[in-house]
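Single-structure report; data block below.
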Amino acid sequence: MLLCFRHELFVRRLMFFRTYSSGETLPDSTQLVKKICKIMISCSKLELDTTLEQNGIRVSPEVVDEVLKRFENAGMLAYRFFEWAGRQRNYEHSIRTYHTMIESLAKIRQYEMMWDLVNAMRSKRILNIETFCIMMRKYSRAQKVEEAVYTFNIMKKYDVPPNLAAFNGLLSALCKSKNVRKAQDIFDSMKHQFTPDPKTYSILIEGWGRAPNLPKAREIFREMIDVGCEPDIVTYGIMVDILCKAGRVDEAVNIVKEMEYSGCKPTSFIYSVLVHTYGIENRIEDALDTFLEMERSGVEADVGAYNALISAFCKVNKLDNAYRVLDEMDIKNVSPNSRTCNIIVNSLISRGETDKAFQFFRRMIKICQPDADTYTVMIKMFCDRNELEMALKLWTYMKKKQFVPSMHTFSALINGLCDNADAQRACTLMEEMIEKGMRPGRVTFGKLRQLLLKEGREDALEFLHEKLNILVKEPLCD
């Protein structure tokens, strides 16, 4: 695997050198990415190729990777750029680029196109285990269980024999999509073919914990120990997590003591889970004591641990304490993330303090990058306050920052526009959403449909239906 990685890195550097070895000035990649993103946001799919050519854009695999990463929620637009880049002189897509594009297409269920990319990778002999693990994850997430299993079984046909990593990948994909019983059946039938490791058992334990089926999770944990497979820090962390989610925080504390006895030191994640659970149970003193115990034991608090403590304070409406934790993060040089922002914003909105929520949002965007959830909840807040212009201003700001909205962000604003009988702008957004390869949810589309019928706009409704039909619908594979 290391040799493959080094070979890919060498090839990418070589191609990048060749691209700019003819006396051209090497552009700053960050500025180039920004320029490409601006073009992609401002023009339609049909104009994209021409506009990129007219601007003299030349790309490297690194630049393409970054652009596709930013446009991961814009499947068809991203694919148009991917195709354009693949036709450039002295350029070859990297394995990572293919993987990013496969994930993006799977998000919008363009499975036939996804398999076209797999076949392209096979022709270039760059398929690997991770390629198939990505597809198994995406199929499972879409509840296409048989397709996920099929993907595992067909690996040999593609000259990529499945190994323990692929086996774990399949089990993980199934468990994370709430198909743990299927995962358990596959494990029981194939565990003699692939010798399970701590990761294998951890995947199943976590799957049963999410089911939720705590007795079964305990059974797999005991089986793991009985067959001589030592639990690692990840396994212990999962056991603590599922016990806490089952309301067995005291039992989880005993697991922590057990792992310490076996010489396994608890991590910041494990302490975070305990702090978070105490917060949910309104045991704020226990939450604070656990956080302080973590610091006393020499475990540095990361952003996750601080977020857990902030969440605990918000749960008991002690926002002043939450703000003090933010100040401590600043002193300790721990940067807040979008999750930090979302916890406090959601808490303020739930208390009806929407002005303070917007004030805090404006403060946080100077420190950390908001995520799709942040924008979605803020846009929904303004829509609920019947302040459509503010919601639209935030939408414009988001796009100016080259942040591609998710399906939920689109839906929040479209729903708000429909509630305010603004059919024109709702239609424009719906068209943009479909153009980016996102299928609107039934509730959102139904709300716009009712509004259009009420206004006698059957023509607009028919146009949107035609747009939806253009999206490729299809499962299975090659």
Side-chain angles (χ1 to χ4, degrees), residues 30 233-234 236-238 240-241 244-245 249 252-253 255-257 259-260 264-378 381 394 397-398 401-403:
T30 303
I233 190 67
V234 175
Y236 280 120
I238 288 169
V240 168
D241 189 39
C244 283
K245 283 174 179 171
V249 65
V253 170
I255 289 284
V256 174
K257 290 175 182 176
M259 66 181 290
E260 287 179 314
C264 207
K265 190 176 180 180
T267 60
S268 179
F269 167 76
I270 289 174
Y271 281 113
S272 301
V273 170
L274 293 173
V275 171
H276 178 71
T277 306
Y278 284 133
I280 290 173
E281 296 183 356
N282 290 326
R283 295 166 62 177
I284 191 63
E285 295 299 327
D286 287 329
L288 188 55
D289 286 345
T290 302
F291 187 89
L292 295 173
E293 180 190 329
M294 174 184 66
E295 291 188 322
R296 284 195 298 271
S297 66
V299 177
E300 271 191 43
D302 59 12
V303 66
Y306 279 113
N307 284 347
L309 187 58
I310 288 171
S311 180
F313 280 128
C314 287
K315 183 73 168 57
V316 293
N317 288 319
K318 293 190 175 182
L319 260 74
D320 288 342
N321 289 26
Y323 291 135
R324 289 191 189 102
V325 176
L326 271 178
D327 293 337
E328 184 181 337
M329 290 174 71
D330 187 42
I331 293 168
K332 296 283 183 69
N333 291 318
V334 178
S335 299
N337 58 16
S338 58
R339 173 71 181 148
T340 319
C341 179
N342 295 345
I343 291 168
I344 296 181
V345 163
N346 278 305
S347 180
L348 288 166
I349 292 174
S350 68
R351 288 156 56 106
E353 298 180 25
T354 51
D355 287 336
K356 285 186 179 179
F358 183 48
Q359 185 181 3
F360 182 76
F361 168 78
R362 292 180 66 182
R363 170 189 165 188
M364 290 303 287
I365 58 177
K366 298 173 184 175
I367 304 171
C368 63
Q369 178 69 34
D371 62 9
D373 289 339
T374 320
Y375 284 117
T376 302
V377 75
M378 291 303 300
M381 182 192 83
L394 186 55
Y397 171 83
M398 174 183 66
K401 289 292 182 180
Q402 299 182 345
F403 188 93

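All values derive from a computational prediction rather than experimental measurement. Side-chain atoms are counted along with the backbone in the values below, which use heavy atoms only and exclude waters and symmetry mates.
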Least distance between heavy atoms, [X] atom then [Y] atom:
X    : Y    : answer
F403 : A372 : CZ-N, 3.3 Å
I233 : C264 : CD1-SG, 3.8 Å
C341 : T374 : SG-CG2, 3.9 Å
I349 : A357 : CG1-CB, 3.8 Å
C244 : V249 : SG-CG2, 4.1 Å

From [X] atom [atom1] to [Y] atom [atom2], the distance as rounded to the nearest 0.5 Å:
X    : Y    : atom1 : atom2 : value
I343 : S347 : CD1   : OG    : 9.5 Å
R362 : Y397 : CZ    : OH    : 10.0 Å
M259 : Y236 : CE    : OH    : 7.0 Å
E260 : I255 : CD    : CD1   : 12.0 Å
I331 : L326 : CD1   : CG    : 11.0 Å
S272 : D302 : OG    : CG    : 5.5 Å

*For atom CZ of R339, decide whether the heavy atoms of other residues, nucleotides or ligands shown that lie under 6.0 angstrom number more than 12.*
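Result for CZ/R339: open.
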Can you confirm whether [X] sits close enough to [Y] that some side-chain heavy atom of one is under 4.5 Å from a side-chain heavy atom of the other?
X    : Y    : result
S268 : M294 : yes
P370 : M364 : no
T290 : R283 : no
F358 : M381 : yes
T267 : I270 : yes
L348 : T354 : no
L274 : V253 : yes
L292 : E295 : yes

_Go through it in stages, so that I can follow the logic: the residues are Y278 and I284, the test is side-chain contact (heavy atoms from CB on, under 4.5 Å), and I'd like the CA-CA distance, side-chain angles, deciding distance and then a yes or no._
CA-CA 6 Å; Y278 284 133; I284 191 63; over 6 Å; no
*Output, in order, the C-alpha distance, side-chain angles, deciding distance and verdict of ring pair (Phe, Tyr, Trp, His ring centres under 6.0 Å) for F291 and Y306.*
CA-CA 9 Å; F291 187 89; Y306 279 113; 5.4 Å; yes
*Whether Y375 and F361 hold their rings parallel, tilted or perpendicular, with breakpoints at 30° and 60°*: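 Answer is perpendicular, since the angle exceeds 60°.
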*Have D371 and N342 got a donor and an acceptor in their side chains that come within less than 3.5 Å?*
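The answer is yes; a qualifying pair exists.
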*Please check if any side-chain donor atom of N337 sits under 3.5 Å from a side-chain acceptor atom of T340, or the reverse.*
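On atom types as modelled, these side chains qualify, holding a pair under 3.5 Å.
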Show me the donor-acceptor pairs within less than 3.5 Å that the side chains of residues 309-324 make with the rest of the protein, sequence neighbours left out.
{"from": "N317", "atom 1": "OD1", "to": "R351", "atom 2": "NH1", "distance (Å)": "3.3"}
{"from": "N321", "atom 1": "OD1", "to": "R324", "atom 2": "NH1", "distance (Å)": "2.8"}

